[in-house]
Student: 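Pasting a structure below so you can have a look.
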Protein chains: 2
Amino acid sequence: MPKSITRTYSRYSREATLLLGELIRVARKERKLTAQEVADRAGISRGLLQRIEKGDLKCEIGVVFEVAVIVGVKLFDADETTLTRHIRQTEDKLSLLPKSVRRKSKAVHDDF
Amino acid sequence: MPKSITRTYSRYSREATLLLGELIRVARKERKLTAQEVADRAGISRGLLQRIEKGDLKCEIGVVFEVAVIVGVKLFDADETTLTRHIRQTEDKLSLLPKSVRRKSKAVHDDF
DNA sequence: ATCTTATGGTCTATATATGAACCAAATGTA
DNA sequence: TACATTTGGTTCATATATAGACCATAAGAT
(Lines give C-alpha, C1' and ligand atoms only; values in the text may rest on other atoms or scores of the structure.)
Protein backbone atom coordinates (compact mmCIF):
# COMPACT_ATOMS: atom_id res chain seq x y z
CA MET A 1 0.00 0.00 0.00
CA PRO A 2 1.52 3.34 -1.05
CA LYS A 3 1.90 6.00 1.56
CA SER A 4 -1.01 8.36 1.19
CA ILE A 5 -1.01 12.08 1.70
CA THR A 6 -3.59 13.03 4.26
CA ARG A 7 -4.56 16.67 4.29
CA THR A 8 -6.06 18.55 7.15
CA TYR A 9 -8.88 20.98 6.65
CA SER A 10 -10.21 23.66 8.92
CA ARG A 11 -13.80 23.49 10.03
CA TYR A 12 -14.46 26.63 8.04
CA SER A 13 -13.28 25.05 4.77
CA ARG A 14 -15.32 21.95 5.42
CA GLU A 15 -18.46 23.90 6.14
CA ALA A 16 -18.03 26.22 3.19
CA THR A 17 -17.71 23.24 0.87
CA LEU A 18 -20.64 21.50 2.50
CA LEU A 19 -22.83 24.58 2.20
CA LEU A 20 -21.99 24.99 -1.46
CA GLY A 21 -22.86 21.37 -2.09
CA GLU A 22 -26.15 21.64 -0.29
CA LEU A 23 -27.04 24.83 -2.11
CA ILE A 24 -26.42 22.99 -5.35
CA ARG A 25 -28.63 20.10 -4.34
CA VAL A 26 -31.44 22.39 -3.28
CA ALA A 27 -31.19 24.40 -6.49
CA ARG A 28 -31.18 21.24 -8.55
CA LYS A 29 -34.31 19.90 -6.90
CA GLU A 30 -36.09 23.22 -7.06
CA ARG A 31 -35.48 23.17 -10.79
CA LYS A 32 -36.60 19.56 -10.88
CA LEU A 33 -33.42 18.34 -12.48
CA THR A 34 -32.28 14.75 -12.10
CA ALA A 35 -28.80 14.07 -10.85
CA GLN A 36 -28.11 12.32 -14.12
CA GLU A 37 -29.32 15.30 -16.13
CA VAL A 38 -27.09 17.77 -14.35
CA ALA A 39 -24.17 15.37 -14.55
CA ASP A 40 -24.68 15.07 -18.30
CA ARG A 41 -24.86 18.79 -18.80
CA ALA A 42 -21.69 19.26 -16.78
CA GLY A 43 -19.98 16.45 -18.60
CA ILE A 44 -19.26 14.53 -15.42
CA SER A 45 -20.39 11.26 -13.90
CA ARG A 46 -23.36 11.00 -11.60
CA GLY A 47 -21.09 9.72 -8.88
CA LEU A 48 -18.99 12.85 -8.99
CA LEU A 49 -22.07 15.02 -8.76
CA GLN A 50 -23.11 13.13 -5.66
CA ARG A 51 -19.75 13.78 -4.06
CA ILE A 52 -20.01 17.44 -4.91
CA GLU A 53 -23.47 17.72 -3.37
CA LYS A 54 -22.19 15.98 -0.26
CA GLY A 55 -19.45 18.54 0.11
CA ASP A 56 -16.51 16.33 -0.75
CA LEU A 57 -13.37 18.45 -0.43
CA LYS A 58 -11.42 16.62 -3.11
CA CYS A 59 -13.21 17.69 -6.25
CA GLU A 60 -11.86 20.05 -8.85
CA ILE A 61 -12.98 23.54 -8.08
CA GLY A 62 -13.73 24.16 -11.75
CA VAL A 63 -16.19 21.29 -11.88
CA VAL A 64 -17.90 22.31 -8.67
CA PHE A 65 -18.30 25.88 -9.88
CA GLU A 66 -19.53 24.66 -13.25
CA VAL A 67 -22.24 22.58 -11.63
CA ALA A 68 -23.21 25.53 -9.49
CA VAL A 69 -23.65 27.64 -12.60
CA ILE A 70 -25.74 24.94 -14.27
CA VAL A 71 -28.24 24.73 -11.44
CA GLY A 72 -28.20 28.48 -10.93
CA VAL A 73 -26.20 29.00 -7.75
CA LYS A 74 -24.39 32.31 -7.94
CA LEU A 75 -20.78 32.47 -6.79
CA PHE A 76 -19.72 35.58 -4.89
CA ASP A 77 -23.35 36.63 -5.05
CA ALA A 78 -22.38 38.23 -8.32
CA ASP A 79 -23.51 38.05 -11.92
CA GLU A 80 -21.14 37.88 -14.88
CA THR A 81 -20.65 41.62 -15.16
CA THR A 82 -20.06 42.15 -11.47
CA LEU A 83 -17.58 39.31 -11.44
CA THR A 84 -15.59 40.86 -14.27
CA ARG A 85 -15.57 44.21 -12.55
CA HIS A 86 -14.29 42.65 -9.34
CA ILE A 87 -11.48 41.01 -11.26
CA ARG A 88 -10.39 44.34 -12.70
CA GLN A 89 -10.49 45.96 -9.28
CA THR A 90 -8.49 43.17 -7.71
CA GLU A 91 -5.88 43.32 -10.45
CA ASP A 92 -5.57 47.06 -9.97
CA LYS A 93 -5.04 46.48 -6.29
CA LEU A 94 -2.47 43.79 -7.02
CA SER A 95 -0.50 46.06 -9.33
CA LEU A 96 -0.02 48.51 -6.50
CA LEU A 97 1.48 45.92 -4.17
CA PRO A 98 5.18 44.96 -4.28
CA LYS A 99 5.72 42.12 -6.71
CA SER A 100 7.59 39.99 -4.24
CA VAL A 101 7.23 39.80 -0.51
CA ARG A 102 10.44 40.78 1.19
CA ARG A 103 11.14 39.29 4.53
CA LYS A 104 13.56 41.11 6.81
CA SER A 105 16.27 38.47 6.46
CA LYS A 106 17.62 38.57 9.99
CA ALA A 107 14.98 39.59 12.48
CA VAL A 108 16.06 43.05 13.51
CA HIS A 109 12.91 43.00 15.57
CA ASP A 110 10.81 40.76 13.41
CA ASP A 111 7.31 42.24 13.38
CA PHE A 112 5.64 42.17 16.78
CA MET B 1 -0.55 8.99 -25.48
CA PRO B 2 -3.75 8.11 -23.62
CA LYS B 3 -6.89 9.88 -24.69
CA SER B 4 -7.43 12.80 -22.34
CA ILE B 5 -10.67 14.11 -21.05
CA THR B 6 -11.04 17.77 -21.86
CA ARG B 7 -13.66 19.60 -19.88
CA THR B 8 -15.43 22.73 -20.91
CA TYR B 9 -15.98 25.55 -18.49
CA SER B 10 -18.29 28.50 -18.72
CA ARG B 11 -16.82 31.96 -18.62
CA TYR B 12 -18.54 32.47 -15.29
CA SER B 13 -16.78 29.51 -13.69
CA ARG B 14 -13.45 30.60 -15.06
CA GLU B 15 -13.84 34.13 -13.81
CA ALA B 16 -15.08 33.07 -10.39
CA THR B 17 -12.05 30.84 -9.95
CA LEU B 18 -9.73 33.53 -11.24
CA LEU B 19 -11.21 36.10 -8.90
CA LEU B 20 -10.82 33.82 -5.93
CA GLY B 21 -7.21 33.18 -6.85
CA GLU B 22 -6.47 36.86 -7.21
CA LEU B 23 -8.15 37.68 -3.93
CA ILE B 24 -5.91 35.11 -2.30
CA ARG B 25 -2.79 36.57 -3.85
CA VAL B 26 -3.73 40.10 -2.79
CA ALA B 27 -4.53 38.98 0.74
CA ARG B 28 -1.25 37.08 0.96
CA LYS B 29 0.80 40.05 -0.11
CA GLU B 30 -1.09 42.44 2.12
CA ARG B 31 -0.18 40.20 5.02
CA LYS B 32 3.37 40.02 3.73
CA LEU B 33 3.40 36.29 3.51
CA THR B 34 5.73 34.46 1.18
CA ALA B 35 4.30 31.92 -1.23
CA GLN B 36 6.45 29.31 0.46
CA GLU B 37 5.13 30.25 3.88
CA VAL B 38 1.51 29.94 2.89
CA ALA B 39 2.21 26.72 1.06
CA ASP B 40 3.84 25.28 4.17
CA ARG B 41 0.95 26.29 6.39
CA ALA B 42 -1.50 24.74 3.99
CA GLY B 43 0.60 21.62 3.67
CA ILE B 44 0.88 21.96 -0.09
CA SER B 45 3.66 22.65 -2.56
CA ARG B 46 4.56 26.14 -3.68
CA GLY B 47 3.75 25.11 -7.23
CA LEU B 48 0.19 24.25 -6.30
CA LEU B 49 -0.26 27.55 -4.54
CA GLN B 50 0.86 29.33 -7.68
CA ARG B 51 -1.71 27.46 -9.73
CA ILE B 52 -4.40 28.36 -7.22
CA GLU B 53 -3.50 32.03 -7.33
CA LYS B 54 -3.56 31.92 -11.11
CA GLY B 55 -7.09 30.56 -11.06
CA ASP B 56 -6.34 27.04 -12.24
CA LEU B 57 -9.65 25.21 -12.46
CA LYS B 58 -8.22 21.79 -11.69
CA CYS B 59 -7.33 22.12 -8.03
CA GLU B 60 -9.13 20.47 -5.16
CA ILE B 61 -11.76 22.79 -3.84
CA GLY B 62 -10.81 21.88 -0.28
CA VAL B 63 -7.24 23.02 -0.77
CA VAL B 64 -8.28 26.26 -2.45
CA PHE B 65 -10.70 27.05 0.37
CA GLU B 66 -8.10 26.15 2.96
CA VAL B 67 -5.60 28.55 1.45
CA ALA B 68 -8.27 31.23 1.34
CA VAL B 69 -8.85 30.76 5.04
CA ILE B 70 -5.14 30.94 5.81
CA VAL B 71 -4.67 34.28 4.11
CA GLY B 72 -7.97 35.58 5.44
CA VAL B 73 -10.29 35.54 2.45
CA LYS B 74 -13.85 34.89 3.61
CA LEU B 75 -15.99 32.49 1.63
CA PHE B 76 -19.66 33.40 1.24
CA ASP B 77 -18.80 36.67 2.98
CA ALA B 78 -19.60 34.78 6.15
CA ASP B 79 -17.85 33.96 9.38
CA GLU B 80 -17.91 30.54 11.04
CA THR B 81 -21.18 31.08 12.86
CA THR B 82 -23.02 32.48 9.88
CA LEU B 83 -21.79 29.61 7.76
CA THR B 84 -23.15 27.07 10.23
CA ARG B 85 -26.47 28.82 10.36
CA HIS B 86 -26.73 28.84 6.58
CA ILE B 87 -26.08 25.12 6.53
CA ARG B 88 -28.93 24.49 8.93
CA GLN B 89 -31.26 26.66 6.91
CA THR B 90 -30.33 24.92 3.69
CA GLU B 91 -30.83 21.50 5.23
CA ASP B 92 -34.25 22.55 6.47
CA LYS B 93 -35.11 23.68 2.99
CA LEU B 94 -33.83 20.41 1.58
CA SER B 95 -35.96 18.34 3.92
CA LEU B 96 -39.06 19.99 2.56
CA LEU B 97 -38.31 19.12 -1.02
CA PRO B 98 -39.19 15.74 -2.54
CA LYS B 99 -36.36 13.30 -2.03
CA SER B 100 -36.17 12.30 -5.64
CA VAL B 101 -36.95 14.31 -8.71
CA ARG B 102 -39.71 12.71 -10.67
CA ARG B 103 -39.71 13.25 -14.36
CA LYS B 104 -43.00 12.82 -16.22
CA SER B 105 -41.83 9.73 -18.07
CA LYS B 106 -43.52 10.48 -21.37
CA ALA B 107 -43.79 14.21 -21.97
CA VAL B 108 -47.50 14.85 -21.58
CA HIS B 109 -46.56 18.46 -22.19
CA ASP B 110 -43.11 18.56 -20.72
CA ASP B 111 -42.88 21.77 -18.73
CA PHE B 112 -43.10 24.94 -20.81
C1' DA C 1 -49.89 -2.75 -4.52
C1' DT C 2 -47.17 -2.49 -8.50
C1' DC C 3 -43.95 -0.59 -11.41
C1' DT C 4 -40.78 2.67 -13.02
C1' DT C 5 -36.99 5.41 -12.03
C1' DA C 6 -34.01 8.15 -9.04
C1' DT C 7 -30.66 7.73 -5.71
C1' DG C 8 -26.74 5.83 -2.94
C1' DG C 9 -23.23 2.85 -2.59
C1' DT C 10 -19.65 -0.31 -4.21
C1' DC C 11 -15.41 -1.71 -7.24
C1' DT C 12 -11.75 -1.31 -10.93
C1' DA C 13 -9.03 0.81 -14.58
C1' DT C 14 -7.23 4.89 -16.15
C1' DA C 15 -6.45 9.80 -16.68
C1' DT C 16 -4.48 13.30 -14.15
C1' DA C 17 -3.27 16.43 -10.23
C1' DT C 18 0.35 16.89 -7.03
C1' DG C 19 5.09 17.02 -4.79
C1' DA C 20 9.80 17.52 -5.43
C1' DA C 21 13.81 18.91 -7.51
C1' DC C 22 15.31 21.63 -10.75
C1' DC C 23 16.54 26.24 -13.25
C1' DA C 24 16.31 31.18 -14.73
C1' DA C 25 14.69 35.55 -14.09
C1' DA C 26 12.89 39.22 -11.49
C1' DT C 27 12.79 41.82 -7.39
C1' DG C 28 13.90 44.42 -3.31
C1' DT C 29 17.61 45.64 -0.05
C1' DA C 30 21.93 47.24 1.57
C1' DT D 1 26.28 47.67 -8.04
C1' DA D 2 26.05 43.46 -5.77
C1' DC D 3 23.51 40.17 -3.17
C1' DA D 4 20.00 37.35 -1.26
C1' DT D 5 15.63 35.61 -2.10
C1' DT D 6 11.19 35.44 -4.09
C1' DT D 7 8.90 34.08 -7.92
C1' DG D 8 7.74 31.58 -12.34
C1' DG D 9 8.56 28.00 -15.11
C1' DT D 10 9.99 23.42 -16.22
C1' DT D 11 10.20 17.88 -15.84
C1' DC D 12 9.20 13.38 -13.78
C1' DA D 13 7.37 9.87 -10.51
C1' DT D 14 3.53 8.73 -7.94
C1' DA D 15 -0.67 9.27 -5.33
C1' DT D 16 -5.33 9.90 -6.34
C1' DA D 17 -9.70 11.59 -8.46
C1' DT D 18 -12.79 10.24 -11.97
C1' DA D 19 -15.69 7.40 -15.25
C1' DG D 20 -18.26 3.51 -15.80
C1' DA D 21 -20.33 -0.60 -14.72
C1' DC D 22 -22.44 -2.64 -11.26
C1' DC D 23 -26.24 -3.57 -7.42
C1' DA D 24 -29.71 -2.54 -3.84
C1' DT D 25 -32.89 0.43 -1.99
C1' DA D 26 -35.94 4.26 -1.86
C1' DA D 27 -39.29 7.10 -3.73
C1' DG D 28 -43.08 8.49 -6.25
C1' DA D 29 -46.41 7.78 -9.79
C1' DT D 30 -50.50 5.04 -11.63
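Here is the naming used below: chain letters follow the sequence lines, and residue numbers restart at 1 for every chain. Heavy atoms only: backbone and side chains are in, while hydrogens, waters and symmetry mates are out.
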Student: Do A:S13 and A:S10 meet the criterion of a side-chain donor-acceptor pair at a distance under 3.5 Å?
Tutor: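 There is such a pair (donor and acceptor under 3.5 Å, judged by atom type) between the side chains of A:S13 and A:S10.
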Student: For the pair made of CG in B:L97 and C1' in C:dT7, what is the distance, rounded to whole Å?
Tutor: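 After rounding, the gap between these two atoms is 15 Å.
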Student: What is the separation between atom CG on A:L49 and atom P on D:dA19, rounded to the nearest whole Å?
Tutor: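 Computing the A:L49:CG to D:dA19:P distance gives 10 Å.
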Student: I need the CG-P distance between A:D40 and C:dA6, as an integer number of Å.
Tutor: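 A:D40 atom CG is separated from C:dA6 atom P by 11 Å.
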Student: Please report, rounded to the nearest Å, how far the P atom of C:dT18 is from the CG atom of A:L57.
Tutor: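 Interatomic distance, CG of A:L57 to P of C:dT18: 13 Å.
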Student: A:S100 side chain: which of D:dA27, C:dT18, D:dT7 is closest?
Tutor: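 Nearest listed nucleotide: D:dT7.
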Student: Is B:E15 salt-bridged to B:R11, cutoff N-O under 4.0 Å?
Tutor: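 Answer for the salt bridge query: yes.
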Student: With rounding to the nearest 0.5 angstrom, report the CD to NZ distance, B:E22 to B:K54.
Tutor: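 The CD atom of B:E22 sits 12.0 Å away from the NZ atom of B:K54.
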Student: If you count the non-hydrogen atoms of other residues, nucleotides and ligands that lie under 6.0 Å from NZ in B:K58, is the total more than 12?
Tutor: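 Counting neighbours around NZ of B:K58, more than 12 heavy atoms of other residues, nucleotides or ligands fall under 6.0 Å, so yes.
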Student: Between D:dT7, C:dA17, D:dG28, which nucleotide gets closest to the side-chain atoms of B:A35?
Tutor: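 Minimum distance to the B:A35 side chain belongs to D:dT7.
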Student: With nearest nucleotide decided by heavy atoms, which residue, B:T34 or A:E60, maps closer to the 5′ end of DNA chain D?
Tutor: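 Final value for this comparison: B:T34.
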Student: Which sits closer to the 5' end of DNA chain C, B:I44 or A:L33, going by the nucleotide each is nearest to?
Tutor: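 Mapping each residue to its closest nucleotide by heavy atoms, the 5'-most match is A:L33.
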Student: Nearest whole angstrom, please: distance from the P of D:dT5 to the CD of B:E37.
Tutor: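 For the pair B:E37 CD and D:dT5 P, the rounded distance is 13 Å.
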Student: Does this structure show an ion pair linking B:E60 with A:R7, if we count only N-O contacts that are shorter than 4.0 Å?
Tutor: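 Yes, B:E60 and A:R7 are salt-bridged.
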Student: Rounded to the nearest angstrom, tell me the gap between atom NZ in B:K32 and atom P in D:dT6.
Tutor: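 B:K32 atom NZ is separated from D:dT6 atom P by 14 Å.
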Student: Counting only distance, no hydrogens or angles, is the base of D:dT6 paired donor-acceptor with the side chain of A:R102 under 3.5 Å?
Tutor: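 When only heavy-atom distances are counted, A:R102 does not reach the base of D:dT6 through any donor-acceptor pair under 3.5 Å.
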Student: Rounded to whole angstroms, how far apart are CG on A:L94 and P on D:dT7?
Tutor: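 Nearest whole value for this atom pair: 12 Å.
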Student: Would you compute the distance between atom CG of B:L23 and atom CZ of B:R28 and round it to the nearest 0.5 angstrom?
Tutor: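 Going from CG on B:L23 over to CZ on B:R28, the span is 13.5 Å.
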Student: Of the nucleotides C:dG19, C:dG28, D:dG28, which has the atom closest to the A:R7 side chain?
Tutor: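 Shortest atom-to-atom distance from the side chain points to C:dG19.
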Student: Restricting to nitrogen or oxygen on both sides, can you table the protein-nucleotides 8-12 of chain C pairs closer than 3.5 Å?
Tutor:
{"from": "C:dG8", "atom 1": "OP1", "to": "A:R25", "atom 2": "NH1", "distance (Å)": "3.3"}
{"from": "C:dG8", "atom 1": "OP2", "to": "A:R25", "atom 2": "NH2", "distance (Å)": "3.4"}
{"from": "C:dG8", "atom 1": "N7", "to": "A:R46", "atom 2": "NH1", "distance (Å)": "3.2"}
{"from": "C:dG8", "atom 1": "N7", "to": "A:Q50", "atom 2": "NE2", "distance (Å)": "3.4"}
{"from": "C:dG8", "atom 1": "O6", "to": "A:R46", "atom 2": "NH2", "distance (Å)": "3.2"}
{"from": "C:dG9", "atom 1": "OP2", "to": "A:K54", "atom 2": "NZ", "distance (Å)": "3.4"}

Student: Measuring from the side chain of A:R51 (C-beta onward, heavy atoms only), which nucleotide among C:dG28, C:dG19, D:dT18 has the closest atom?
Tutor: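 Of C:dG28, C:dG19, D:dT18, D:dT18 is nearest to the side chain of A:R51.
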Student: Within the 3.5 Å criterion, strictly below it, is a donor on A:S95 or A:D92 matched to an acceptor on the partner's side chain?
Tutor: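 Checked: A:S95/A:D92 side chains show no N/O donor-acceptor pair below 3.5 Å.
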Student: Assign each of B:V101 and B:D56 to its nearest nucleotide of DNA chain C by heavy atoms, then name whichever residue's nucleotide is nearer the 5' end.
Tutor: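 Nearest-nucleotide comparison on DNA chain C picks B:V101.
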